[in-house]
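A short write-up of the structure that comes next.
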Amino acid sequence: MPAIARPRIALVVALLAALALGTLLPGALAQGGSEPTAVRSALAQTSKVQGAHGRRMVLSRVVVEPGARLAPHHHLGTQISRVASGTLTYTVRQESALLQEGDAEKEPRFVRNIMAGQTARIHPGQWLVEQPSDIHEAANRGSTPVVIYLSTLLKAGAPPATPVTLP
């Protein structure tokens with residue numbers, strides 16, 4: 001190999017190595033480099049809902065990691081959600097959501113009606129009733145995951161949540 005080609009090959013190899021390190025090193029050293037998320041798991045569902053033709057009933061669990069935010073959205077059907085652990089910061093942007101707590105069959109206690117523009121902290125054992133016209137968002141501002149169980153009566157084929165762009 002000519003003497004001139006060796007320095008060029010060495011230079012190319014060095015540049016490629018520097019590029020690879022520049023690409024890989026920040027990711028390897030990052031402290032949790034990705035954004036916190038909320039993960040929904042469908043636990044059960046049926047499209048055979050008597051008295052609600054064209055609807056699908058879904059039971060889900062959502063885990064909202066510390067620091068995660070749920071963008072403004074609504075559901076194309078009525079939804080009931082109960083916080084099992086953690087504290088959810090919940091804001092209504094349009095309409096309202098009913099907040100209750102306790103055993104639903106043994107004198108549930110009315111906590112408040114969260115109106116548009118209001119924010120509430122939803123604690124374990126509390127539950128929300130949301131209607132399709134209710135636009136809301138949420139966040140986990142705590143240090144432990146928030147676990148929520150949801151039951152939703154959706155229009156057939158509708159997604160679990162429909163994003164909304166606010167003015």
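Numbers here simply count residues along the sequence, with the first being 1.
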If you measure from [atom1] on [X] to [atom2] on [Y], what distance do you get to the nearest 0.5 Å?
{"X": "Met57", "Y": "Ser151", "atom1": "CE", "atom2": "OG", "value": "5.5 Å"}
{"X": "Arg61", "Y": "Ser41", "atom1": "CZ", "atom2": "OG", "value": "5.0 Å"}
{"X": "Ser81", "Y": "Leu150", "atom1": "OG", "atom2": "CG", "value": "5.5 Å"}
{"X": "Ser47", "Y": "Arg55", "atom1": "OG", "atom2": "CZ", "value": "13.5 Å"}
{"X": "Met115", "Y": "Glu95", "atom1": "CE", "atom2": "CD", "value": "8.0 Å"}
{"X": "Leu154", "Y": "Leu76", "atom1": "CG", "atom2": "CG", "value": "7.0 Å"}

Any side-chain heavy atom of [X] sitting closer than 4.5 Å to one from [Y]?
{"X": "Leu99", "Y": "Asn113", "result": "no"}
{"X": "Gln100", "Y": "Arg109", "result": "no"}
{"X": "Arg56", "Y": "Thr46", "result": "no"}
{"X": "Ile122", "Y": "Ile114", "result": "yes"}
{"X": "Leu88", "Y": "Ile148", "result": "yes"}
{"X": "Leu59", "Y": "Gln45", "result": "no"}
{"X": "Thr152", "Y": "Thr78", "result": "no"}

Please name the pair of heavy atoms, one in [X] and one in [Y], separated by the smallest distance, quoted to 0.1 Å.
{"X": "Gly142", "Y": "Pro66", "value": "O-CB, 3.3 Å"}
{"X": "Ala84", "Y": "Pro124", "value": "O-CB, 3.6 Å"}
{"X": "Ala97", "Y": "Glu130", "value": "CB-CG, 4.4 Å"}
{"X": "Val129", "Y": "Asp134", "value": "O-OD2, 4.2 Å"}
{"X": "Gly86", "Y": "Thr144", "value": "CA-OG1, 4.3 Å"}
{"X": "Val58", "Y": "Ala42", "value": "CG1-CB, 4.5 Å"}

Check the side chains of Tyr90 and Gln118 for a donor-acceptor pair under 3.5 angstrom, ignoring hydrogens and angles.
no

So, Gln126 and Arg82: side-chain donor and acceptor under 3.5 Å apart, yes or no?
no

In the single-linkage hydrophobic clustering (I, L, V, M, F, W, Y; side-chain heavy atoms under 4.5 Å), do Val83 and Ile80 co-cluster?
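No, Val83 does not connect to Ile80 through the hydrophobic network.
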
Out of curiosity, does Val147 fall in the hydrophobic cluster containing Leu43 (side-chain heavy atoms, cut-off under 4.5 Å, transitive links)?
yes

Hey, is the main chain of Ser133 close enough, under 3.5 Å, to the side chain of His74 for a donor-acceptor pair?
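Checked: no pair found.
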
Counting heavy atoms not belonging to Arg112, are there more than 12 under 6.0 Å from its CZ?
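Buried by this count: over 12 neighbours within 6.0 Å.
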
Is the count of non-hydrogen atoms from other residues, nucleotides or ligands lying under 6.0 Å from Arg141 atom CZ greater than 12?
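Result for CZ/Arg141: open.
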
Audit row: His123, Thr87, side-chain contact (heavy atoms from CB on, under 4.5 Å) steps and yes/no:
CA-CA 5 Å; His123 301 281; Thr87 299; 3.5 Å; yes

Could you go step by step and tell me if Ile135 and Val92 meet the side-chain contact (heavy atoms from CB on, under 4.5 Å) rule?
CA-CA 6 Å; Ile135 296 174; Val92 175; over 6 Å; no

Test side-chain contact (heavy atoms from CB on, under 4.5 Å) on Leu98 and Trp127 and set out the steps.
CA-CA 8 Å; Leu98 178 64; Trp127 41 283; over 6 Å; no

Residues Glu137, Thr91; criterion side-chain hydrogen bond (donor to acceptor under 3.5 Å, both in side chains); working and verdict
CA-CA 5 Å; Glu137 60 189 76; Thr91 302; 5.3 Å; no

Which residue, His73, Gln79, Arg40, His75, forms the side-chain contact (heavy atoms from CB on, under 4.5 Å) with Pro160?
Arg40

Going through the distances and angles, do Thr89 and Thr119 end up as a side-chain contact (heavy atoms from CB on, under 4.5 Å)?
CA-CA 7 Å; Thr89 301; Thr119 298; 3.6 Å; yes

